[in-house]
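Note that the structure is predicted; figures quoted are calculated from it, not measured. All residue numbers refer to positions in the sequence shown, counting from 1. Atoms within a ligand are numbered from 1 in the order they appear, just like the ligands themselves.
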Amino acid sequence: MDRRGFLRTSAGAAVGMTVLSGLDAGTAFASPTTVADDVLSQKYPFVLPPLGYAENAVEPAVDAQTMSIHHDKHHATYVTNLNKALETQSALQGKTLRELLSGLATLPDGVRNAVRNNGGGHANHALYWGLLAPNGAKAPSGALAAAIMRDFGSVAACTAALKAAGLGQFGSGWSWLVRDGGGKLSVRGSANQDTPLTDGQRPVVGVDVWEHAYYLKYQNRRTDYLDAVLGALNWDAAGAAYA
Ligand code: MN
């Protein structure tokens with residue numbers, strides 16, 4: 001099977017072939033410099049891009065079984081439930097995912113939490129898969145590297161802050177490197193699938209600290225998972241998110 005056929009088959013198995021209509025199979029998380037933005041530009045009906053890299057490509061940091069279940073089941077379910085939430089909301093179907101998440105406060109009461117949780121889940125994981133994509137730069141460069149030096153003093157200090165935010169996040173959530181409107185970087189956590197987009201910040205790095213992201217391999221050792229993932233980051237993806 002050629003690569004394109006593989007992508008179609010693996011994505012089809014994950015989300016059902018009808019959901020794939022309109023999805024360019026070339027859009028995969030293996031192309032991290034564009035796909036997170038592509039997902040934020042999606043409108044109803046939302047689609048799950050394929051990983052585009054092998055499920056074992058990020059071992060040993062992330063094991064193949066976790067990668068498979070996380071993308072094909074957890075992320076797929078966020079997409080399915082986001083579509084369900086909007087299927088009777090014709091006024092919202094023309095909004096992009098970015099617009100929905102940035103404008104959560106303006107959404108009707110009956111749909112706001114479903115978009116917060118499932119729309120957030122779709123956007124957050126879209127960034128995460130690109131940050132795990134293999135064969136990217138192992139260190140930040142250009143404008144992002146300069147901003148990290150300015151705001152943290154070193155890359156090591158930045159990743160240490162990301163680790164601390166991930167360890168400090170009680171229960172399920174995310175650790176984030178975010179850029180504010182003026183370009184300044186900072187690190188924060190968020191609960192559940194809340195995205196910094198809702199607070200007017202742009203996510204640059206997002207590390208999933210839900211137990212589903214690490215429990216099969218690391219059990220209770222979130223600290224070891226954070227070390228491994230922060231050491232495997234694709235800084236091309238982070239640079240694209242910052243730009
Ligand atoms: Mn997750």
Checklist entry - How is the N/O/S atom of H212 that comes nearest to the Mn ion (ligand 1) named? => result NE2
Checklist entry - Can you say whether the rings of H71 and W129 are parallel (under 30°), tilted (30 to 60°) or perpendicular (over 60°)? => result perpendicular
Checklist entry - Near the Mn ion (ligand 1), is there an N/O/S atom from H125 that is less than 2.8 Å away? => result yes
Item to check | Atom of D208 closest to the Mn ion (ligand 1), considering N, O or S atoms | outcome: OD2
Checklist entry - Does any pair with a residue in residues 37-47 pass salt bridge (Lys or Arg N to Asp or Glu O under 4.0 Å), and if so which ones, sequence neighbours excluded? => result D37-R98
Item to check | Proximity of H70 and Y128 rings by center, below 6.0 Å | outcome: yes
Checklist entry - Closer than 2.8 Å to the Mn ion (ligand 1), do we get an N, O or S atom from H75, backbone or side chain? => result no
Checklist entry - Going through the distances and angles, do H125 and W210 end up as a ring pair (Phe, Tyr, Trp, His ring centres under 6.0 Å)? => result CA-CA 12 Å; H125 288 84; W210 284 56; 7.8 Å; no
